[in-house]
Student: 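First the structure, which I've put down as C-alpha cells, then a few questions once you've had a look.
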Amino acid sequence: MQPLGTSVALGAVLFLGALALLTFCPPGRGRRAAGREPPGLLGELRARREDLGRYSGALSSQALAESRLGCADLASLTGTRYLGSGFSKLVLQATLADGSAVALKRIHGEGSDVRRCVRLYRDPAGCQRLASYKLRKEVTLLRGLRHPGIIQLYGECYDNSLDPERRVTAMLELGSPLEMIQLLQAPWEERFKVCLSLVKLLHYLAHSPLGSVALLDFQPRQFVTVDGDLKVTDVDDASTEELTCGGDADCILEFPTKSFSLTCAAAGRCEGINEKRNLYNAYRFFFTYLLPHTAPPALKPFLYDIMNATGDLRYGINETLDAFEKVLYLYKSGLHLPKRSQHLKEFLVINGFRLQEAADYKCWPSYNHLGCLLSVHNANEAAVICNSHPQCQSFIVSQQRTWTGRLLVTFRSNFTDLVPDANSAVYIRRSSVLRKR
Ligand SMILES: Nc1ncnc2c1ncn2[C@@H]1O[C@H](COP(=O)(O)OP(=O)(O)OP(=O)(O)O)[C@@H](O)[C@H]1O
Ligand SMILES: *[C@@H]1O[C@H](CO)[C@@H](O)[C@H](O)[C@H]1NC(C)=O
Ligand SMILES: *[C@@H]1O[C@H](CO)[C@@H](O)[C@H](O)[C@H]1NC(C)=O
Ligand SMILES: *[C@@H]1O[C@H](CO)[C@@H](O)[C@H](O)[C@H]1NC(C)=O
C-alpha cells in the first residue's frame, strides 16, 4: 500500500529498536525489569515520539493559543453514538452542550493496530501508549494544517485520570462517510465538486506551513464530506519527510500497477515525491471514477486531458488546479453549450408563477427524489432538456442555484395548479397548450 513510507518507517523502527536494545538491555542482564516495555516496543515508541516532535516543533503560536474545546466540554456531551472505526481509531458522534454535533476520535483498544502490538510485545499498557501517539500526531497535524479540505479540529482533551484508551480524545468537525456508490449516482456537478475539493487540498498540502505533506494512506475511507465538499479526516499517516537519495535510481515512486522515476535533487531528496504521490493517488482513487462519468460532452476532452496528465504525472498539482479551474470556468459560463437554439421558442413563459409542488415523473440524476430537478445554465438549456423528455410539458425556473451558480429547474408532465410566486417563471410547451384547448 505504501511501500516507500513503510520501508523508511520500518528501517527507523529497526534502527531505533536496536538502539533501545543496547540502552535498556545491557549485556549480562537477560530479563527485563517489571514495568519496563520490551525493547522492540520501546523502539516503536521512540520512533513515534520523534515523529510527533517533528510536527509539534513546527506549530505556530497562533495555532496553540486559539480558544477551543477542552475536557470540560467533553464532560457535558450527550447522545454519543458510534460512527466508524479503523485500524487504530474509534470515531463517535456526540452533541455539545450548545446543541451542535461533533465527532470524537479515540484510540481503538480492540483495533488491529493495538492487537498486533500486544501479540508482538505482550504489553497492553505500552501498546495503548503506542497507539495514542497516532492520535496525538493527528491532533498536532490538524492544529498546524488549516484548510477547507481538512476536517477542522475543535479541540482535544488529555485526561490522565482515565484509562489509557480514553485518555486522548480529539473533538472534530462532523462529516459523513464518503460513499462512492452514492456519488456515482449523483449529478456530475457534485462529483466534480468532490474532485475539485481534493485538488485544492493537495495544492495546499504541497505548499503547507509544515512543508510538502504526503498522505501515505490515501483511500476514500480517509475522507468524509461536509455539504458536498471533500475533507480529509485521517491524517495520522501524513508525512512531510521526502525520501532521501544518493542518485536518481533511489527515487522510484511505486504503485501497484505503475512506477515513476523521479530525480534526486541537490539537497539529497527526491524532488516533489510527496506532491506526486498524492496526485497519482487522486488520479487512481478519485478522478478515474468520478470525473468523466456523465460529464457534459463538451467538457470531456478537458477531463480526459486532466486524467491523462495526472495518470502519467505530466502535470504537477499547480497545473492540475489550473486545469480544474478552467473546466469550472467553462461550465459556469455555459461556453460549453451550443450557441444558438430554437428550442425556447416552443415554450410560453408565465412570469411570477410556479406550479404547486407535487410528485411527478422522475429523471436521472435528479436533485430530489420526488420528481425531476436538474441544474441548467439558462432557460434555453432547460428547453432542450424538456424537449428530450417525452413526459415533459412544462418546467419551472426558480431562484434556487447549485454551487456553481447554475439554475435548478423542475420539469413537469403537467401545468395545472399555477401558484403566484414573484421569483419563479413557468415555461409551458405551446403544443400542449393548443392540445388542451
Ligand atoms: N469527522 C468525522 N466525521 C464523521 N465520520 C468520521 C470522521 N472521522 C472519521 N470518521 C469515520 O470513522 C472512520 C475511522 O476513522 P479514521 O480513518 O480516522 O480511523 P483509522 O483507525 O485511522 O482508520 P484506518 O484504519 O482507515 O486508517 C472513518 O473511516 C470515517 O468513516
Ligand atoms: C495518455 O495518452 C497517451 C497518448 O495517447 C497514452 O499513450 C497514455 O497511455 C495515456 N496515459 C494515461 C494514464 O491514460
Ligand atoms: C505552485 O503554486 C505555489 C502557490 O501558488 C507557488 O508557491 C509555487 O512556486 C508554484 N510551483 C510551481 C512549480 O509553479
Ligand atoms: C394533469 O392534470 C390533469 C388535471 O389535474 C389530470 O387530469 C391529469 O391526470 C394530469 N396528468 C398527469 C400526467 O399527471
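First listed ligand is number 1; within each ligand, the first listed atom is number 1.
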Student: Among all protein heavy atoms, pick out the one at the shortest distance from atom 25 (O) of ligand 1; state its residue, atom name and that distance to 0.1 Å.
Tutor: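 Ranking protein heavy atoms by distance from atom 25 (O) of ligand 1, first comes F87 N, 2.6 Å.
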Student: Would you say G175 has any N or O atom under 3.5 Å from an N or O of ligand 1, going by distance alone?
Tutor: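 Right, the criterion is met.
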Student: Side chains of W403 and E189, heavy atoms from C-beta outward: is any pair under 4.5 Å?
Tutor: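 Contact flag for W403/E189 side chains = yes.
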Student: Would you please determine whether Q222 falls within less than 4.0 Å of ligand 1 on a heavy-atom basis?
Tutor: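 Checking ligand 1 against Q222, which is what was asked, there is a heavy-atom contact under 4.0 Å.
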Student: Anything under 30° is parallel, anything over 60° is perpendicular, the rest tilted; go ahead and classify Y361 against H389.
Tutor: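 Ring orientation of Y361 relative to H389: perpendicular.
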Student: Using a strict 4.0 Å threshold on nitrogen-to-oxygen distance, state whether R221 and D234 make a salt bridge.
Tutor: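 Looking at D234 together with R221, the answer is no, because their closest N to O distance does not fall below 4.0 Å.
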Student: Please write down residue, atom name and distance for the protein heavy atom closest to atom 23 (O) of ligand 1.
Tutor: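 Looking at atom 23 (O) of ligand 1, the protein heavy atom closest to it is G86 CA, 3.3 Å.
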Student: May I ask you to check if ligand 1 and V91 share an N or O to N or O distance below 3.5 Å?
Tutor: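 In fact, backbone or side chain, V91 has no N or O that close.
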Student: From atom 11 (N) of ligand 3, is the closest protein heavy-atom distance below 4.0 Å?
Tutor: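 So atom 11 (N) of ligand 3 has protein heavy-atom neighbours under 4.0 Å.
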Student: Looking only at distance, does K105 have an N or O less than 3.5 Å from an N or O of ligand 1?
Tutor: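 There is such a contact, yes.
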Student: Counting only heavy atoms not in K300, do more than 12 fall under 6.0 Å of its NZ?
Tutor: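 Atom NZ in K300 is packed in, count exceeds 12.
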Student: Taking distance alone, with N or O pairs closer than 3.5 Å, would you say E138 contacts ligand 1?
Tutor: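 No - when backbone and side-chain N and O of E138 are compared with those of ligand 1, no distance drops under 3.5 Å.
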Student: Would you say atom 8 (C) of ligand 2 has a protein heavy atom nearer than 4.0 Å?
Tutor: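 Neighbour list for atom 8 (C) of ligand 2 includes protein heavy atoms (cut-off 4.0 Å).
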Student: State whether the SG distance for the cysteine pair C392/C372 is less than 2.5 Å.
Tutor: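 Cysteines C392 and C372 do not qualify as a disulfide pair, their SG atoms being 2.5 Å or more apart.
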Student: Does atom 2 (O) of ligand 2 have any protein heavy atom closer than 4.0 Å?
Tutor: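 For atom 2 (O) of ligand 2 the answer is yes, since some protein heavy atom falls inside 4.0 Å.
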Student: Are the aromatic ring centres of F285 and F223 under 6.0 angstrom apart?
Tutor: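 Ring-ring flag for F285/F223: false, centres at least 6.0 Å apart.
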Student: Any idea which protein heavy atom is nearest atom 28 (C) of ligand 1, and the distance to it?
Tutor: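 Among all protein heavy atoms, the one nearest atom 28 (C) of ligand 1 is R221 O, 3.7 Å.
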Student: Provide the number and element of each atom of ligand 1 under 4.0 Å from a heavy atom of T233.
Tutor: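 This gives 1 (N), 7 (C), 8 (N), 9 (C) as the contact atoms.
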Student: Using a strict threshold of under 4.0 Å (side-chain N to carboxylate O), is an ion pair present between D73 and R68?
Tutor: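 No, no charged N to carboxylate O under 4.0 Å.
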Student: With F324, which of F287, Y331, F302, Y329 fulfils ring pair (Phe, Tyr, Trp, His ring centres under 6.0 Å)?
Tutor: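 Result for ring pair (Phe, Tyr, Trp, His ring centres under 6.0 Å) with F324: F287.
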Student: Look at atom 17 (O) of ligand 1 and say which protein heavy atom is nearest, naming residue and atom and giving the distance to 0.1 Å.
Tutor: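 Nearest protein contact, heavy atoms only, for atom 17 (O) of ligand 1 is D234 OD2, 3.1 Å.
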Student: To check your reading of the model: name the closest protein heavy atom to atom 5 (O) of ligand 2, its residue, and the distance in Å.
Tutor: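 Nearest neighbour among protein heavy atoms for atom 5 (O) of ligand 2, to 0.1 Å: N308 ND2, 4.7 Å.
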Student: Would you check whether Y283 has a nitrogen or oxygen atom less than 3.5 angstrom from a nitrogen or oxygen atom of ligand 2?
Tutor: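 So ligand 2 has no N or O lying under 3.5 Å from an N or O of Y283.
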Student: D236 heavy atoms, cut-off 4.0 Å: which ligand 1 atoms fall inside?
Tutor: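 Listed by number with element, the hits are 22 (O).
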Student: Within the 4.0 Å heavy-atom shell around A103, which atoms of ligand 1 are there?
Tutor: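 This gives 1 (N), 2 (C), 3 (N) as the contact atoms.
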Student: So, are R48 and D51 salt-bridged, with charged N and O less than 4.0 Å apart?
Tutor: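 Salt bridge between R48 and D51, a charged N being under 4.0 Å from a carboxylate O: no.
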Student: Can you pull out the closest protein heavy atom to atom 1 (N) of ligand 1? Residue, atom name and distance to 0.1 Å, please.
Tutor: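 In this structure, atom 1 (N) of ligand 1 has E173 O, 2.9 Å as its nearest protein heavy atom.
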Student: Check step by step if side-chain contact (heavy atoms from CB on, under 4.5 Å) holds for L202 and E275.
Tutor: CA-CA 7 Å; L202 298 190; E275 171 181 335; over 6 Å; no
Student: Can you report which non-hydrogen protein atom sits closest to atom 13 (C) of ligand 2, along with the distance?
Tutor: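 Nearest protein contact, heavy atoms only, for atom 13 (C) of ligand 2 is D312 OD1, 3.4 Å.
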Student: Please work out which of N318, L321, I317 has its closest non-hydrogen atom nearest to atom 6 (C) of ligand 3.
Tutor: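 Shortest heavy-atom distance from atom 6 (C) of ligand 3: N318.
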Student: For the residue pair R406 / S375, report whether a side-chain donor-acceptor contact shorter than 3.5 Å exists.
Tutor: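 The answer is yes; a qualifying pair exists.
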Student: Give the atoms of ligand 1, by number and element, whose distance to some non-hydrogen atom of L83 is under 4.0 Å.
Tutor: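 Reading through ligand 1 atom by atom, the close ones are 4 (C), 5 (N).
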Student: Any ion pair linking E271 and K276 (charged N to carboxylate O, less than 4.0 Å)?
Tutor: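 So K276 does not pair with E271 through a salt bridge.
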Student: Could you check if a side-chain atom of T320 sits within less than 4.5 angstrom of a side-chain atom of L279, using non-hydrogen atoms only?
Tutor: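 Counting from C-beta outward, T320 and L279 do come under 4.5 Å.
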Student: Could you tell me whether D237 and ligand 1 have an N or O pair separated by under 3.5 Å?
Tutor: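 There is no such contact.
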